[in-house]
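What follows is a set of notes on a single structure, which appears directly below.
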2 protein chains.
Amino acid sequence: MSTAGKAQAIGVDRMRTSALARDLNFLLARANALALAAANTALAEHGLKPRSYSVLALAADDVLPTQRELAEFLRLDPSQIVAIVDELEKRGLVERHPDPSDRRANVVVATEAGRALFARAQKSTRAVERALKAAVPPEERERLGELLRQLAFRE
Amino acid sequence: MSTAGKAQAIGVDRMRTSALARDLNFLLARANALALAAANTALAEHGLKPRSYSVLALAADDVLPTQRELAEFLRLDPSQIVAIVDELEKRGLVERHPDPSDRRANVVVATEAGRALFARAQKSTRAVERALKAAVPPEERERLGELLRQLAFRE
DNA sequence: TATTGTTATACTCTATAACTATA
DNA sequence: TATAGTTATAGAGTATAACAATA
């Protein structure tokens, strides 16, 4: 019979050689889970989360995105962007500026305080990123970023 | 002043050249979001989700994991594994077998029906994976998997 | 008629603590 | 005393639909 008669547990290590551990979807999910956990910890001391950090980053980088553009780029629902921008605005980190070319749209711009906080938060996330990248050989890190960019921005 | 006076929206395209788009955490999150959405669609026709698919995969691969080992490997809380195994067991896809070496532990084993469903679901996820990998040059795909494995399993 | 931002709501996911049975 | 599995629950995250203002 195919369901093993005596089912004895094995160690977690052996799971790493399973077919699932070669699955791209699974590897992406696990790598992302590890990175997310580390980023959450690093950003918490600045009162940010990965989501709000991303919005603040684009605002502080003078990208001048509308809320809709933020939603599309960050793959979030527009209504979620509302909540994130609300909170950042309440804390004086970003402002909603009317888009002169479309009065329906708000362009999200960082304040001085927002830029200062972002600069500090960025230091924390860069430390996390270095720790994450430590798992791959130095000469491969550039390539990893390039390959991930192709995955993340394929259309 | 640093907050741009006339805030005019730009296209989403320009966000791709922003500093955020070079952030490893962000790239992982976005690539994972894309892969997850595709996997969700592909697995839905089999009544599975990425989580339950992963548990079924390990059970069908005769890895003989305990629930605790599943929790650790999949980075989920043990109580979440309970719910997933409950559902798979109710559908006759897996069984809980007592671990002879530790009567507290359950080893999760796939039934014949579970193996059959997994084989079908795996075909769907492999198609998703091929579509995802199409974004990177063929000669780089092996390396991408290897690098992601290092990220996902660094300790 | 379509789109931007907004509000409201329901649903899923996640995190936590407490309990039981075994070790 | 510690661990595997379970249960319950609250909080965070996500998805959806409907609405007002503007295009």
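Please read these numbers as outputs of a predicted model, since none were measured by experiment. In what follows, chains are A, B, ... by sequence order, proteins preceding strands, each numbered from 1.
- In this structure, B/Glu72 does not pair ionically with B/Arg68, as no charged nitrogen and carboxylate oxygen lie closer than 4.0 Å.
- Closest heavy-atom contact between B/Val128 and B/Ala42: CG2-CB, 3.5 Å.
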Distances under 3.5 Å between nitrogen or oxygen atoms of protein and nucleotides 6-8 of chain C:
residue	atom	partner	partner atom	Å
C/dT6	OP1	A/Arg96	NE	3.3
C/dT6	OP2	A/Gln67	OE1	3.0
C/dT6	OP2	A/Gln67	NE2	2.7
C/dT6	OP2	A/Arg96	NH2	3.0

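- Between B/Arg68 atom CZ and D/dT6 atom P the separation is 11 Å, expressed in whole Å.
- DNA chain D contains the following stems of three or more consecutive Watson-Crick or G-U pairs, with both distances under 3.5 Å: C:1-23 with D:1-23.
- At whole-Å resolution of the value, CD in B/Glu95 and P in D/dG5 are 16 Å apart.
- With sequence neighbours left out, B/Asp61 forms a salt bridge (Lys or Arg N to Asp or Glu O under 4.0 Å) with no residue at all.
- Scanning for salt bridge (Lys or Arg N to Asp or Glu O under 4.0 Å) contacts around A/Arg96 gives A/Asp86, A/Glu89, with sequence neighbours left out.
- Using a 4.5 Å cut-off on side-chain heavy atoms (C-beta onward), B/Ile84 and B/Leu56 make no contact.
- Here side chain to side chain donor-acceptor pair (under 3.5 Å) pairs that include residues 17-27 of chain A, with residues two or more places apart or in two chains, number zero.
- Listed by residue number, the members of residues 49-57 of chain B with any heavy atom below 4.0 angstrom from DNA chain C are B/Lys49, B/Arg51.
- Partners of A/Asp77 under the side-chain hydrogen bond (donor to acceptor under 3.5 Å, both in side chains) rule, at least two apart in sequence or in another chain, are A/Ser79.
- When the C1' atom of D/dA15 is taken as reference, atom CG of A/Leu76 falls 12 Å away, rounded to whole Å.
- Taking atom CG on A/Asn40 and atom P on D/dA12, their separation rounds to 12 Å, with Å as the unit.
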For residues 119-126 of chain A, run the donor-acceptor check on the side chains, cut-off 3.5 Å, and write out each pair with its distance to 0.1 Å, sequence neighbours left out.
residue	atom	partner	partner atom	Å
A/Thr125	OG1	A/Tyr53	OH	3.0
A/Thr125	OG1	A/Gln122	O	3.0

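- Residues satisfying the side-chain hydrogen bond (donor to acceptor under 3.5 Å, both in side chains) criterion with A/Asp99, sequence neighbours excluded, are A/Ser101.
- Rounded to an integer number of Å, the gap from NE2 of A/His97 to C1' of C/dT4 is 18 Å.
- Sorted by first and then second residue, the ring-ring contact (aromatic ring centres under 6.0 Å, His included) pairs involving residues 8-37 of chain B (not counting sequence neighbours) are A/Phe73-B/Phe26.
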Letter per nucleotide, 5' to 3', of nucleotides 18-23 of chain C [B base touched, S only sugar-phosphate touched, - untouched; heavy atoms, 4.0 Å]: ---BBS
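- Put simply, A/Leu36 and A/Leu43 are part of two different groups of oily side chains (I, L, V, M, F, W, Y) that touch within less than 4.5 Å, one to the next.
- In this structure, A/Ile84 atom CD1 and C/dG5 atom P are separated by 14 Å, rounded to whole Å.
- A salt bridge is absent between B/Arg14 and A/Asp62; no separation between the charged side-chain nitrogens and carboxylate oxygens falls under 4.0 Å.
- Residues satisfying the side-chain hydrogen bond (donor to acceptor under 3.5 Å, both in side chains) test with A/Arg130, not counting sequence neighbours, are none.
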